[in-house]
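First the structure, in the form of structure tokens, and then the observations on it.
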2 protein chains.
Amino acid sequence: MGAEAVGTEVRQPVMADVAKLAGVSHQTVSRVLNGAPHVRPGTRERVLAAIRELDYRPNSAARALVTRRSQTLGVVTFDSTLYGPASMLDGIERAARTADYFVSVASLRSLDSRSVQEAVDRLRDQGVEGVVVIAPQVSAVGALAKLSSPVPVVAVGSGGRSRVPMVSFDNRAGAEAATRYLLDLGHRTVHHLAGATGWMESRDRQDGWRRTLEAAGARVPRAGTGDWSSRSGYEAGRRIAHDPEVTAVFCANDHMALGLLRALYEAGRAVPGEISVIGFDDIPEAAYFTPPLTTVRQDFGELGRRALELLLKELDGVGHGRDPVRISPETVLRRSAGPAHRD
Amino acid sequence: MGAEAVGTEVRQPVMADVAKLAGVSHQTVSRVLNGAPHVRPGTRERVLAAIRELDYRPNSAARALVTRRSQTLGVVTFDSTLYGPASMLDGIERAARTADYFVSVASLRSLDSRSVQEAVDRLRDQGVEGVVVIAPQVSAVGALAKLSSPVPVVAVGSGGRSRVPMVSFDNRAGAEAATRYLLDLGHRTVHHLAGATGWMESRDRQDGWRRTLEAAGARVPRAGTGDWSSRSGYEAGRRIAHDPEVTAVFCANDHMALGLLRALYEAGRAVPGEISVIGFDDIPEAAYFTPPLTTVRQDFGELGRRALELLLKELDGVGHGRDPVRISPETVLRRSAGPAHRD
DNA sequence: AACACATAGGTTAGCGTTAACAGAAAAGGG
DNA sequence: CCCTTTTCTGTTAACGCTAACCTATGTGTT
């Protein structure tokens, strides 16, 4: 046995191995790999064959080192367990893949701006080329404002004004449509169960609701505040169930609407007979609530894709979108809202 | 102005810059960064100061190139929009972070084994040190069996036997508990609405259900088949709503149970008065269904953490867990299931 | 035939880090 | 006080790739 064969360590093949096998220089291998011109079809074939034979994989670290590009994008998210963030993440990942990028995720442990900066830094240390922040909290937006990052950052899902480019739903418009719809049904006014404090979505939806009421000259009741969970919707529902004033409730999301529906049911209030309920999001389950929930649909996947599109533009140095990208939601009519009852 | 100042290009500082500023060699900087011994406190301080002053960040690609470690783990997931996968991903990410790893995700576009291999390869090309596959489909497990990967792979969530280490819920036990519970309530038999075809979870839950029935000497009705969605639960519900034989239904997940509940309600069948329903998963909303759903709880976050733990062990070369790690679910009693009615 | 010029390829030099070795300074032992 | 050992630090060489430059060959033009 020659000295070569002593260690049976199976070293991963490198470019030089491929080159030797194909009888070319490593540079030619590189050229084939990167589709560079000036490679004769014959040699290209030989190189490709050698690559296949050795099952050679380029070393991404080496490539990243010299090109200064990691082919990786970062996503920072708050609670990727929620339907919205999860769908956005999914949309982003799919879009990134088609653009031939990897995506690395970092979830926030808390909402303060230090935490956001930390997550972005973490991603940056890993060498991501850009990051999209799924952080709909007001505090996060504040964090973005003072965020210092050498890599492009775009935000998604929130609506605040900020220095970073942003794509979001027009939550205000969605809330207006929902409220308007209820008003048009003949309700004297519409109550509101807001989302978690500190979220842009909560603020904007509440805003849209209030404005619509004011524009219609309707009384603006005090809004309840939930935390997006069904439980909080349920608790709010128990509080209002016996209030005869309440004939229509606009919930800031479908999960809370579910809890509300439950509380109303327990209290023996008919929906939409006595009280109309409308949600926001159109989660896949909303159509199967009892009664099926009228709600405002958001296409989170689309939002994720658009965010990535925007980030890619930033990466290409195409001047950053002056105005935030806004996607209009559409309201989905089902059975949980109906005309005001006459008393 | 000296020739130095001509280009105002702000090059990211590198280790050599820090070294020069601190008046040491780059190696000493490296030592400080990596906590190597034999660095005098004084010089360490100077180096640290220089690092702060320049806001120096080590280049991860360079480090990865020489250490052959990317500090990155990969996660392949199928539909990270679903509650289960999303929660697991979240659990994995959090656990990875505490272990000081980054996580890169790749979602599958389809379920075939080529797709799984492709995703793992993609991650591998990126240089991940290990991957956890959230792919509960039978086909995915098959894919894992023939998966060739130089990096450790663990699977999570499914239950099949396979070459790769795996952590999963004991779906069979959960299904047995659910079925047993219904039987103990006095139901002569229990019907079953299975999950999507091809999923390990579907198979195992159906298995547990059937065995329990057989062990109890109960008749084993033909099981329905859904696709995990509420819609499929609804459709199944419409089919069985008027079957007087049906007094208890065990649904393979909560979403389908929701659809079923809806269909039953529309058909005027009382739950649990006439028909008892039990779900699986205990999604956060289950407690607010009408009626609140009795179900089998799975802690997906925990599952994700355990999977990561297992992967970390693999990375440390600690012999791979002979037996799959099994986590027992616990059943949560609520109001959708009750005693059989007497006729 | 001489030249330009495109094409096909090889050679060399980094990218920014850690590893391996080597040398200098400080500390201990006779 | 010299020699050995321990601390501290610097030098050199990878890691595996791409960029930049260079050297051959053709191919077409004057």
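Because the structure is a prediction, the values reported are computed rather than measured.
Taking 4.0 Å as the cut-off between side-chain N and carboxylate O, E118(A) and R114(A) count as a salt-bridged pair. Using a 4.0 Å cut-off between a side-chain N of Lys or Arg and a carboxylate O of Asp or Glu, E302(A) and R306(A) qualify as a salt bridge.
We find that CD of Q27(B) is positioned 16 Å from P of dG23(C), with the value rounded to whole Å. Summarising the geometry, the separation between CE on M15(B) and C1' on dT9(D) is reported as 15 Å, rounded to the nearest angstrom. Rounded to whole Å, atom P of dC15(D) lies 11 Å from atom CG of D17(A). Whole-Å rounding puts the R68(B) CZ to dG16(D) C1' distance at 9 Å.
Side chain of E129(B) to backbone of Q71(B): a donor-acceptor contact under 3.5 angstrom is found. A donor-acceptor distance shorter than 3.5 angstrom exists from the side chain of S115(A) to the backbone of S110(A), with no hydrogens or angles considered. Panel note: side chain R57(A), backbone D125(B); no donor-acceptor pair is recorded below 3.5 Å.
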Legend entry - Step-by-step side-chain contact (heavy atoms from CB on, under 4.5 Å) determination, T72(B) to F102(A): CA-CA 12 Å; T72(B) 302; F102(A) 297 99; over 6 Å; no
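The base of dT18(D) is paired with the side chain of H26(A) by a donor and an acceptor separated by under 3.5 Å.
Taking a 4.0 Å limit (strictly below) on heavy-atom distances, residues 49-66 of chain A reaches DNA chain C at L65(A), V66(A).
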Return the polar atom pairs (N/O with N/O) between nucleotides 4-9 of chain C and the protein under 3.5 Å, or none.
from: dA8(C); atom 1: O3'; to: R40(A); atom 2: NE; distance (Å): 3.3
from: dA8(C); atom 1: O3'; to: R40(A); atom 2: NH2; distance (Å): 3.3
from: dG9(C); atom 1: OP1; to: R40(A); atom 2: NH2; distance (Å): 3.4
from: dG9(C); atom 1: OP1; to: T43(A); atom 2: OG1; distance (Å): 3.4
from: dG9(C); atom 1: OP2; to: R40(A); atom 2: N; distance (Å): 2.9
from: dG9(C); atom 1: OP2; to: T43(A); atom 2: OG1; distance (Å): 3.0
from: dG9(C); atom 1: N7; to: R31(A); atom 2: NH2; distance (Å): 3.4

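A donor-acceptor pair shorter than 3.5 Å can be found between the side chains of S104(B) and Q126(B).
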Give the table of side-chain donor-acceptor pairs shorter than 3.5 Å for residues 32-42 of chain B, with sequence neighbours excluded, one pair per line with atom names and distance.
from: N34(B); atom 1: ND2; to: S30(B); atom 2: O; distance (Å): 2.8
from: N34(B); atom 1: ND2; to: S30(B); atom 2: OG; distance (Å): 3.3

